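Atoms within each ligand, like the ligands themselves, are counted from 1 in listed order. Note that the structure is a prediction, hence the values are computed from the model and not measured. Position 1 is the first residue of the sequence, and the numbers go up from there.
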Amino acid sequence: MDTPHEAIPPRFDVSDPDFQVDPYATYARLRAASAVCRGGPGQWVISRYRDVAALLGDPRLQNQLPAEYYRLTAGNGPTAEFLQRILIYQDRPKHTILRKAIGHCFEPRKLEALRRRIEDLVQQRLAPALERGFLEVVEDLALPLPIMVVCEIIGIPVADYNEIRPKAMELGKAFVLTNEESNRATADAAVSWLRCYIGRLLEQRNRSPTDDLLSRMLVAEGHNEGLSREDLIDNTVFLFFAGFETTTSLISTACATLLESGRELARLQSDLSLIPNAIEEFLRYDAPVQSRFRLVREAIQIDGRTIKPGRLLLLLLGSANHDDAQFVEPEKLNVMRRPNMHVSFGGGNHFCLGAGMARLEALILFENLLRCCKRIEQREKPVRSVGSPFRTYARVPIDVTVG
Ligand code: HEM
């Protein structure tokens, strides 16, 4: 038994329709009521900044969840097996080995080399939209840019973008907290397809290696550190998935929220050097990844409550980012907010590997968009995406005037 506590804390229900419409009102209620709230069976939910930030890097917690968790969320097919192999659900020593193999592609010098390529991609995608005078941010920029960048680092050919993109979105169904039966078959089919596809590319690299992630993975396999071919394939698939809709979410959310706040847009337009700061604020204001699970390995105490080993903790990143004990007026978008220690990229050993890349993509995109356009306005109300594991938009149509 976990230590009893005087008042019964509220339950967090991810499928509550009110939560789906406005998660931040639910988070505020949870934070005010208790440091530890109830989740599903055997789960506790953590909503306050101080606790979430500390627990993300707490060595008494682990990322590998019980096999039953993967079975319950993903069923008994390839998706459950895939989830158990990927970096984000590993602990030492396998996590260290895998992170080293993948991390090579995210070193600062690699990112610097990507900068020119991202500039070109942004300008290519922006040019026709600027000529027309309008763009649909998601389709024109926020989806294609991260896909092209992540394909480039992995070594996926340009010609295959359109075929591989829907598969990655289908795989996303495996990460939705309210996972439903119908999603499982879709995710299973996508995992099988993506595994075959990446497996074929790895075979090609075996014959003629280059400097991409696929080739690096094969080098890591040769080091005999316990990485199987299946590990390489599933982690490459994961990287493709992790690198794309998350950044799509950052870009589309940034545009949607900025256009709702004329004052913040004007501030950015008058001082482009604020863009890096603004990107951190977009990440805080509406985090693409709203929560992360951790498993309690050694008993921990939170606000006087003991939580015993084997319990799952759901860390609400989106809630922590809106805690007024940490942020002044958290419900307001403020592109000049400083300091801004948001937790949108997670923390500890698992801090997002692609944070630098996502920031770079967003920086180059906003520098170009704001430099080229003297006027940017909402064309139609943005439409939120339904059924994605990320907090993101399906459509953000905007009008632009060049100048
Ligand atoms: C705005 C964009 C992004 C956001 C908000 C984001 C967020 C996150 C979060 C919350 C985690 C979990 C951290 C934890 O459990 O403590 C994570 C892990 C990860 N992300 Fe990102 N991510 C983004 C972009 C990317 C990109 C572009 C890539 C790669 C191309 C990427 C690759 C990864 C990888 C490989 C991990 C697993 C790290 C590990 O477990 O060691 N992410 N990300």
Side-chain angles (χ1 to χ4, degrees), residues 46 52-59 61-65 83 85-107 110-111 114 118 142-143 145-156 168 172 175 212-213 217 234-254 279-295 313-321 342-366 388-393:
I46 313 296
V52 171
L55 289 167
L56 278 167
D58 193 315
L61 307 182
Q62 65 178 53
N63 272 42
Q64 194 174 13
L65 307 181
L83 292 175
R85 276 209 193 102
I86 60 179
L87 184 66
I88 205 160
Y89 289 122
Q90 302 302 315
D91 296 298
R92 284 190 190 124
K94 187 143 185 195
H95 176 259
T96 316
I97 297 165
L98 265 175
R99 192 161 163 123
K100 198 170 125 216
I102 297 174
H104 166 82
C105 293
F106 298 92
E107 288 167 0
K110 286 268 171 191
L111 287 188
L114 259 185
I118 299 175
L143 265 176
L145 176 66
I147 293 187
M148 288 177 181
V149 173
V150 79
C151 284
E152 185 123 346
I153 60 157
I154 292 176
I156 293 174
F175 292 84
D212 55 24
L213 179 93
M217 287 291 220
D234 282 358
N235 278 285
T236 308
V237 170
F238 167 62
L239 195 67
F240 175 71
F241 167 77
F244 125 63
E245 246 194 304
T246 46
T247 314
T248 303
S249 160
L250 166 62
I251 295 168
S252 62
T253 301
I279 290 169
E280 299 312 307
E281 177 64 348
F282 299 136
L283 283 161
R284 181 202 70 82
Y285 185 74
D286 209 4
V289 179
Q290 289 273 306
S291 59
R292 292 289 302 130
F293 271 117
R294 297 283 200 263
L295 179 73
L313 293 185
L314 182 64
L315 309 179
L316 298 177
L317 311 182
S319 171
N321 284 342
H342 64 75
V343 287
S344 299
F345 287 121
N349 292 342
H350 289 268
F351 182 83
C352 174
L353 250 182
M357 181 176 289
R359 285 173 167 140
L360 184 65
E361 289 175 44
L363 173 71
I364 295 174
L365 189 148
F366 280 101
S388 163
F390 305 109
R391 192 154 160 83
T392 186
Y393 285 86

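Across every non-hydrogen atom of F345 and L283, the tightest pair is CE1-CD1, 3.5 Å. When all heavy atoms are compared, the tightest approach of S249 to F390 is CB-CB, 4.5 Å. Nearest heavy-atom pair, V52 versus I46, reported as atom, atom and distance to 0.1 Å: CG2-O, 3.5 Å.
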Problem set entry | side-chain contact (heavy atoms from CB on, under 4.5 Å) between R294 and L56, intermediate numbers included | CA-CA 8 Å; R294 297 283 200 263; L56 278 167; 3.6 Å; yes
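N63 and H95 form no side-chain donor-acceptor contact under 3.5 Å, judged by distance and modelled atom types alone.
A cation-pi geometry, defined here as NZ or CZ lying under 6.0 Å from the six-membered ring centre and within 45° of its normal, does not hold between R359 and F366.
Atom CE in M148 sits 12.5 Å away from atom CD1 in I118 (nearest 0.5 Å). Rounding to the nearest 0.5 Å places CD of Q90 at 13.0 Å from CG of N349. Taken to the nearest 0.5 Å, the CE atom of M357 stands 9.5 Å off from the SG atom of C352.
Interface of P288 with ligand 1, defined as ligand atoms under 4.0 Å from a residue heavy atom, comprises 5 (C). Residue-ligand proximity, L239 to ligand 1, at heavy-atom distances under 4.0 Å covers atoms 35 (C). With ligand atoms numbered from 1 in the order given, ligand 1 contributes 10 (C), 13 (C), 14 (C), 16 (O) to contacts under 4.0 Å with heavy atoms of G346. Taking a cut-off of under 4.0 Å to the non-hydrogen atoms of S344, the atoms of ligand 1 that pass are 5 (C), 7 (C), 10 (C). Listed by number with element, the atoms of ligand 1 under 4.0 Å from a non-hydrogen atom of F106 are 29 (C), 30 (C). Contact atoms of ligand 1 toward V150: 30 (C) (distance under 4.0 Å to a heavy atom of the residue). Heavy-atom proximity to A358, at under 4.0 Å, picks out these atoms of ligand 1: 1 (C), 2 (C). The ligand atoms of ligand 1 that sit less than 4.0 angstrom from a heavy atom of L250 are 1 (C).
The closest non-hydrogen atom to atom 14 (C) of ligand 1, taken over R359, H95, E245, R294, comes from R294. Of the listed options C352, A254, C105, A287, C352 places a heavy atom closest to atom 18 (C) of ligand 1.
Within the 4.0 Å heavy-atom cutoff, N349 counts among the residues contacting ligand 1. The shell of residues lying under 4.0 angstrom from ligand 1, judged by heavy atoms, includes F238.
No donor-acceptor pair under 3.5 Å is formed between the side chain of T96 and the backbone N or O of R92. With hydrogens and angles disregarded, no donor-acceptor distance shorter than 3.5 Å links the side chain of T253 to the backbone of T392.
Polar contact check, R292 against ligand 1: a nitrogen or oxygen pair lies under 3.5 Å apart. For ligand 1, the polar-atom distance check finds no N/O of E361 at less than 3.5 Å from any of the ligand's N/O atoms. Residue G347 has at least one N or O atom closer than 3.5 Å to an N or O atom of ligand 1.
Exactly one of D212, L239, I154, T236 qualifies for a side chain to side chain contact (heavy atoms under 4.5 Å, CB included) with M217. That residue is T236. For the side chain to side chain contact (heavy atoms under 4.5 Å, CB included) with S344, the qualifying choice from T246, N321, D286, L250 is N321, the only one to do so.
The single protein non-hydrogen atom nearest to atom 13 (C) of ligand 1 is H350 O, 3.1 Å, given as residue, atom name and distance. Residue, atom and distance of the protein heavy atom nearest to atom 37 (C) of ligand 1 are L87 CD2, 3.8 Å. For atom 25 (C) of ligand 1, the nearest non-hydrogen atom of the protein is A242 O, 3.5 Å. For atom 26 (C) of ligand 1, the nearest protein heavy atom (residue, atom name, distance) is G243 CA, 3.5 Å. For atom 24 (C) of ligand 1, the nearest protein heavy atom (residue, atom name, distance) is T246 OG1, 3.3 Å. Protein heavy atom at the shortest distance from atom 11 (C) of ligand 1 is F345 O, 4.1 Å.
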